[in-house]
Structures are given as structure tokens and as C-alpha cells.
Amino acid sequence: MSDITFDGYAPTWCPGCGDWGIRVGIKTALEQLGYDPSTIFLSFDIGCSGNMNDFLNGYAAHGLHGRAIPTAVGMKTAHHEMKTIVIGGDGGIYGEGGNHFIHACRGNHDITVIVHDNMVYGLTTGQVAPTAKQGFKSKSTPRGIIEIPVNPLALAISQGATFVSQGFAGDVRSLIEIMKAAISHKGFSLVNILQPCVTFNKINTYQYFLKNTHKLKEDYKPNDKKMALMKSMEVLEEKFPIGILYKEDKAAYHERIPQLETPLVSRQRYADFEPFTSEFV
Amino acid sequence: MKFNWKIGGEAGFGIMTSGLVFSKIATRSGYHIFDYAEYPSLIRGGHNTYEVVVSNDEITAQKWEIDLLVCLNKETFDLHKYRIHEKTIVIFDPEVFEFEYPCVKAPIGFTKIKKEEKIDQMMVNTIAVGASIAVLGGELSVFENIIHQQFDKKGAEVINFNLKLAKIGFEEAKKSTVQLDILKKKDVTQPKMVVTGNEAFSLATMGADCRYYAAYPMTPASSVLQILAAWQYKNKMVVRHPEDEISVINSALGASYAGARSAVGTSGGGFALMVEGISYAGIAEIPIVVFLSMRPGPATGMPTWTEQGDLLFATHAGHGEFQIIVLAPGDPEEMVDLTLKAFDLADIYQTAVIVVSDKFLSESHKSVMKEEIDKKLQNHTIDRGKITIDTRQSPYLRYKHEDDGISEMLIPGKKGVYYQANSYEHGEDSHTTENSEERIKQVDKRNTKTQTYFKNHFVQPKIFGELKEASIVIISWGANKGPIIEAQKMLTNQKTAYIHFTHVYPIPQEPIKQLFSRCDGKRMILVENNSHGQFGQLLRMQTGIEIKEKLLKYDGRPIWPEEIRNYITGGSSSKKTHERFNGIKSKVQDDINTNERIKVNKENIKTQQEEDILYKLEKFAAVTNN
């Protein structure tokens, strides 16, 4: 047993912030699954969520805003035996990095993307996020946002993600179970976590989410893509399902690259150059 | 002997393939070549040309005068006749066009053969190459061997048909009165490769043990992606084409952080998207090699043409203060050397190293000795600097202060250890910090790398010619090397020296000042393929040396050796090439003049294309009806 733990510095989040619960959820899920900080890759985005870089230990990249997914894709491709987790916010994953999100779903890259979805930008002090309800007033949209919200669950399902789930930061117990399932899933897994921002979002509060979330029924079957898409559309009526909406078993991206029998970082150097130079004679 | 063969026709005629085949016929017959293709950013319907200079000795640039012009359409003759002379042989089809011009006519009945053999326009190339070999006194068997290799996978029928067409062209041209011995077969003891800068970069990327290459297609860098993608199953590299250049650079940084040597490739616009990633590599100290093949900008600019317009952009890429390294090879051999070195430098200095090319270097072929390239690749030993899979430090400090500015970089995976590649300012242990002392220490640490680089890895410019005796000194960099060296050969009455910079950024002040102090009193000329004299600015910024006389070209075309010669013999004031280019009629001007002609000819192009398509449809219908 290693003597290192996941606990980094003491978090600097606002008291009452949903991030506290999410960190506990990730940490507990990893511990219960038997990981330690030396056996995982973490790719943090920029924002209050990404600031977890100093509070959750691991071999980590705290890279650029919006780019946590491509960074993780590179890490995973180079060393596919490492469990790889992306931690970011609604702005980084669905806004600035929205393109990467779509294409990582398509590729079924074996990464778990954990998104702090609080409908607002916290670290930059309260501008609207792409998941906010149409009409949401913020510092950058004083008369309310014109765009309709991104639907992360429907987007992920339709673009080929093989594990799509939603959690609530106020329900850490079920969040742990969802995360364990997501991290154990082979392929692209999304955990969209509804979360109040106690400082900058006075609409989507704990009370709001308690009222508008519901757990998927026990007999819900996550292997039906059409049903999952229908469920994901409930957010249009401000009904947020909690649980695993969709799951399918499919070869992950790295499994479809034949040269990745052994991890890219640890294979022998290739040195038979002559057949390649001969092509040019 | 320098003999210039040129073929021209519509895009879609297969000009590129036949040009490369001609180059290989020449090298396999024992000669050196240098070739260059011009094509507009269209798939079909534009004017494509390919020219190959054949020489007994090594050759590094194009030649202005055309000695054999193969016209697959009238446009080819119209656009290039101003470069032909009285002895130029013009292969043309009298059924397509006739002309009166002082040159040597070699008519070939392409249209007649086309009808007799029921072939489409693409196949006319094979006839044209066969005819060229006959006129130049070469051996058809050399071409036949290439056909066998080229169509090996397509089966005997395709091979035999192409062999037949080659022979028809060859024998048709044998009837003509012109017979030269330019391609007379010599004994070949040492095989030559025909490679572009992009191909040289690809080979060296493999030689340097790069394991992850990502790129989004962008001319003129795309061929690297295609070459490496094709090779990956054999050499085990992972080659990806992600959704955009931002994903390209960030995935490569992720792979590099994970311990795999990684590289990306692009041109100016894609590089602009990558720049924030370069900055991340700077602060998190992640090794990365960036291949930047320049084309004329701004924005989309002239996608399939050449320019050295992004040097200052490359050297200043990335917000914030940190050191990157920029290397600029001048030919395929230097491309191999500097690319191998770039991967080592990226690892040693844990930063971005940019290998700068341009369309001219990236896409023109040069013959190089195969043995030389093989040796460079095989003898290269990998130097990963302070990158390690194990550490004795406890606790492990990723950004530990060191006298040389370089900390130990642990490849993730060691048990009991963890750390971050942090894009925030960080302390030695990689945790985020905003502490003033820590900040200063980390900035100083990163800045120290520059001095370490000057001490250990900077290489002085190469000098071609005798600097001491020279009265004229040319200063330049990158792909201008070839044309300048050819110009020096032409300038037999003047003593010239050429200072060729390859390690263009950063440049140490004192050693370069010492070098330039040896040039006092000489005529100094800066030659660049851009309008700002960007290397001149960079040199002045870094060393205080200013070169006042400049020969600048920025019309999207490479610099011709003849332009340099004419400039040097013609006067001493700084001029742009198109204002100064008196000895030979300006190609730029001519291109402007021909715009009208191109418009008119579009009608003909359409007819010809339609003819081909109709022919194919008829063939298809015949098959389906049977």
C-alpha cells in the first residue's frame, strides 16, 4: 500500500459550494475502486471546478480553459493503462471546449468526463454559462440570455458517448455510485453534475434542484438509446433525471489502434528505417 | 550541365505524378535533380506545372530557362513561352494548337493516340514522359521499372497498358529529329532518394522516436500527416487527425506529459490556433515539436504558394515570457538533421521547439544520397535530457530550482509519486502559487534555459564561400539556401559569401557580433522571401546588427537564383524583386497579364473536362449494358 492519499491542499471554494460534495464523490469513488494518486491521470479544466487540481492528488494536467478533454485524450493514448478522468465545468466542457466534447464522444475515448454544471461562471464572478435556462440574467446578459441551453445528455447520447449519466451535488451518496460506474466503464463516460453556485446563481439553488430532480426508477433500462434520448429531453420542462441514462459496451478508441498493444510510452524504440527510405528511391 | 524539363496542364491531368516519375527517372539514370510544382488551390480546372532540373552535380534550386517544355494544353505554352529560348524543345500536339516561336518543335499526336487507344487525359502523361525520355536520350527500361513498381498492386493488365503507352510515346518521339543525351544512362553505384522537406521531416520524426503525431490538414503541411498516417502500422507511431488544431496541440501536450515524444504540424492559420498551447508548454515545461510550414498570409492568403512570412510570429508565439527554440532548415538534409535535433532540444529544455519550413522547401523534391540519410537516422542517439522514469527525490519536485534552469521531469507512473503539469504559476512541487518569491524563482528558472541553450546547443550560422575574401556577403535563412548557393555559382566574377542561419531563435549577441565584425566594409545583402525582412528584424532585435540592403520577394513564388544574380550585378540599392527583375521579364507581371487569358481559356477547359467525363460515362454505360 502506498502512503499517499488523494487529499491535497484544503479547498478554497465558497462555503456551501457544490464542488465540496463533488470532490468527496470523486475521491470516495476512486478509493472504493482501489485507485491511488499514482495510478490515475487527471485533466483539470480552468474554473472553480478545475481548481480542484490542488485539492485532489494524481498525475495531473491543469491545462488550458476548454482543453481538458483533448489533453486527456493525449494522456490516455500515450499511456492507456492509466485511468483517465477529466474534471471541468459547464463553460469549459460545453462552451469553450464544446467541439472537443462532441468529438471525444464520437471517438469513444476511454475517459470519464465529470462536469460541474451550475449554469453560471463562478471564477470570473457570475456570467452566464451555456447550460443556463433561456432568459437567465447575469453580468454578461443583463436582460437575460437569448440562447437556449445546451443539452449535455442528449448531445452526448446522440454523438456516440457510451456512458451518459447525471448526478446532483446535494446527493453525494448516489453521486458516488454513479461515479464508480462511470469510472469503471470502458469508453467515453459523462457524469453531468447539477450543482448550485451559492454565490452567483440565485435561481438554481439547492431547493430548486431538490424540487426539479428525480431519480431514475429502479427498473429503468439504460441500454435503450431512444428511451435515453427521450429522458434527456425532460430537461426542456426543467425535469432533471438523476442516474445512468445510457450505457453500451463498445470498443474504446485506444483498443482500435493496433499499434497500442503495449502502452505507447513503454514500448521499444522502432529503428528499422531502411524500408522507409527505400520508398523514395 | 543543368537541364530544365517542364510539364504543364490542367489540374486533374496527373501533372504531379508524372513530374515525380520524371525526377525518379533522372536520379535512377545517375543524375541529380531539383524539382518544384505550382498549382492553384483547386482540385480541378486550374493550371498545374511541374519542373525538374536535371544536373550531373548536386543541384539546390530551380533554373529560369526552360529547355524542354511539355505542353498538355495550349495554356502551358502561352504561360511559359517567355522562359524558353531558341534551343528549347517544345513537345505539343498539333491537333490541339499550333504556334510560331523561335524554338525547336517536337510534335506528338496525343489526341490521335488518345482516340486510338481509347484513353482519358490522365493517361496522356505516360505518353508524354515516354516521349521526353526519347528526346533526352534516356532508356525506356528505367521508366518501365517505375511503372512496374507503381502499379504493382493493380495487376498485370494495368501494368501492361501503361507500359504500352510509355512505349508509344517513346517511339513517337524517336521519329522526331531532336536527339539529346541529357538522360544518357550512367552506372548508379549509390542510390539517390527524391525527397521533399516534408518527407525529410517525416523520416526524421520517425528517426527521433516520436510516438504521437497529430495534425489537422493544412497546405503545405498536410503531406506529413498523410505520410506518417500511412506508416504508423509498421513503425508503431500513433498518428491522429483530431477535430481542430487546438485539439491537435493539447492532445500532443497530454501525450508528451504522459512521456511519449510528440509532435504536431500545421501552417500559419492552424499555428495561430495552437499558440495558447505553446504558452502552456512554456509554463508547464512540456516538450513539444511543432512543424510550421509557411504559406503566404494573412488569413487564408495564397494557400498553395510560398512565403517566409511567419518567422516573427513563430518566434513570438505564446503569451507570457518564456523561451522557445526555432530552427529553420534550408534543404532536406538539414531538415533531417534539425528535426532529429528538435526532438532532443524539446526534451532537454522541456519547451516548444518549432521547425520552420515553407511551401518551397516542403514540396520541392531534391535528390539526396540515400546512404547519407540512412546514416543520419541510424546513427542518431536519443537524448531526453532530464526526463526519467524514476526519481530519487522525495518528495519529488517537478519544478525544482536548478542552476541550468532545467528540472527533472518524471514520466508519470512511478508509484508513491504524483505531480501536475500546471498551467498556473506553481512552486517547485507543482502546486499553484501566487507568492511573489516563488513567482520570481520560477520565472528566473525558466529564463535560465536561454543561457544554457547558448552554452550547449546553439549553432553558429554556416558560411558558404570564403568570408575573408568575399566582397559581397549574403545573409539569409531557411529555404533561400538553395537559390543563393546556385546564384553564387553563377556569380563567377564576384567573390561572395553566404551566411546561412539555421538556429534562428534565440541568437546570442556576442558570438554573432564577432562573426559580423569580419564583414566590415563588405557589401551586405539580406535576402528574404517576405516583405518585412523579418529575419533582419529578428537579428537586429537580438544582436543590434542591422543589414540595410535588402532583397525581398513576396509574390508567393520562391526566389530564383537568377534574380539574386541579376540583383547583385545590377546595382546596390534595396529593391523588391519585382521592381528590379530586369534581365528576365518579370514572371509576376506576366502572371497578371495572363489572368485575362486564363479567363478566356476556361471555356476550353470545360469542354475538355466534359469530354473526359462523357467518355467515362460511355464506358460505364457500355459495361452495365453488357
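As the structure is a computational prediction, the values presented were derived from the model and not from experiment. Chain letters run A, B, ... following the sequence lines, proteins first, then strands; residues in each count from 1. Heavy-atom basis, side chains included; hydrogens, waters and symmetry copies ignored.
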Atom [atom1] of [X] and atom [atom2] of [Y]: how far apart are they, to the nearest 0.5 Å?
| X | Y | atom1 | atom2 | value |
| --- | --- | --- | --- | --- |
| A:H62 | B:Y280 | NE2 | OH | 8.5 Å |
| A:E279 | B:Q149 | CD | CD | 11.0 Å |
| B:I373 | A:F273 | CD1 | CZ | 12.5 Å |
| B:I246 | A:R67 | CD1 | CZ | 4.0 Å |
| A:T5 | B:Y418 | OG1 | OH | 6.5 Å |
| B:S423 | A:F44 | OG | CZ | 12.0 Å |

Inset, instruction - Given side chain to side chain contact (heavy atoms under 4.5 Å, CB included), test A:N57 with B:Y419 step by step and report yes or no. - result: CA-CA 8 Å; A:N57 295 329; B:Y419 73 91; over 6 Å; no

Inset, instruction - May I ask you to name which of A:A72, A:A68, A:P258, A:G58 has the most heavy-atom pairs under 4.5 Å with chain B? - result: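 Top option by heavy-atom pairs under 4.5 Å: A:G58.
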
Inset, instruction - Quick one: which of A:P263, A:S43, A:G74 has the most heavy-atom pairs under 4.5 Å with chain B, could you say? - result: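 So the answer, after comparing A:P263, A:S43, A:G74, is A:G74.
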
Can you confirm whether [X] sits close enough to [Y] that some side-chain heavy atom of one is under 4.5 Å from a side-chain heavy atom of the other?
| X | Y | result |
| --- | --- | --- |
| B:I227 | A:F276 | no |
| A:T39 | B:K415 | yes |
| A:T277 | B:M193 | yes |
| A:Q259 | B:M237 | no |
| A:H100 | B:D244 | yes |
| B:Y424 | A:N51 | yes |
| B:V194 | A:F280 | no |
| A:P275 | B:K234 | yes |

Taking [X] for its side chain and [Y] for its backbone only, find out whether a donor-acceptor pair lies under 3.5 Å.
| X | Y | result |
| --- | --- | --- |
| B:R211 | A:R267 | yes |
| A:R269 | B:A208 | no |
| A:Y59 | B:K414 | yes |
| B:S251 | A:T71 | no |
| A:D54 | B:T432 | yes |

Residue part contacting chain A, namely of [X], when any heavy atom lies under 4.5 Å:
| X | value |
| --- | --- |
| B:I283 | neither |
| B:P242 | neither |
| B:T27 | neither |
| B:K236 | both |
| B:L377 | both |

Do you know the tightest heavy-atom contact between [X] and [Y]?
| X | Y | result |
| --- | --- | --- |
| B:G259 | A:V265 | C-CG1, 3.5 Å |
| A:A78 | B:A260 | CB-CB, 3.9 Å |
| B:V238 | A:T77 | CG1-CG2, 3.7 Å |
| A:A60 | B:Y257 | N-OH, 2.9 Å |

At a 4.5 Å cut-off on heavy atoms, which part of [X] comes close to chain B: side chain, backbone, both, or neither?
| X | answer |
| --- | --- |
| A:Q268 | backbone |
| A:L260 | side chain |
| A:S266 | backbone |
| A:I257 | side chain |
| A:F6 | neither |
| A:I46 | side chain |
| A:H109 | side chain |

Legend entry - side chain to side chain contact (heavy atoms under 4.5 Å, CB included) assessment of A:Y270 paired with B:D209: CA-CA 7 Å; A:Y270 183 88; B:D209 197 22; 5.6 Å; no

Inset, instruction - Using a cut-off of 6.0 Å, state whether more than 12 heavy atoms not belonging to A:L33 lie near its atom CG. - result: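 Atom CG in A:L33 is crowded, with more than 12 foreign heavy atoms closer than 6.0 Å.
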
Legend entry - Neighbour count above 12 (heavy atom, 6.0 Å) for A:Y94 OH: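 Buried by this count: over 12 neighbours within 6.0 Å.
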
Inset, instruction - Could you tell me whether the side chains of A:N53 and B:Q420 share a donor-acceptor contact shorter than 3.5 Å? - result: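 Looking only at side-chain atoms, B:Q420 and A:N53 do form a donor-acceptor pair, the distance falling under 3.5 Å.
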
Inset, instruction - Applying side chain to side chain contact (heavy atoms under 4.5 Å, CB included), run through B:R240 and A:V73 and close with a yes or a no. - result: CA-CA 11 Å; B:R240 293 187 63 237; A:V73 164; 3.4 Å; yes

Legend entry - NZ/NE/NH1/NH2 to OD/OE distance under 4.0 Å, B:E243 and A:R106: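 Answer for the salt bridge query: no.
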
Legend entry - Pairs of heavy atoms under 4.5 Å with chain A: top-ranked of B:A258, B:S279, B:P412, B:A214: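 Ranked by contacts with chain A, first place is B:P412.
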
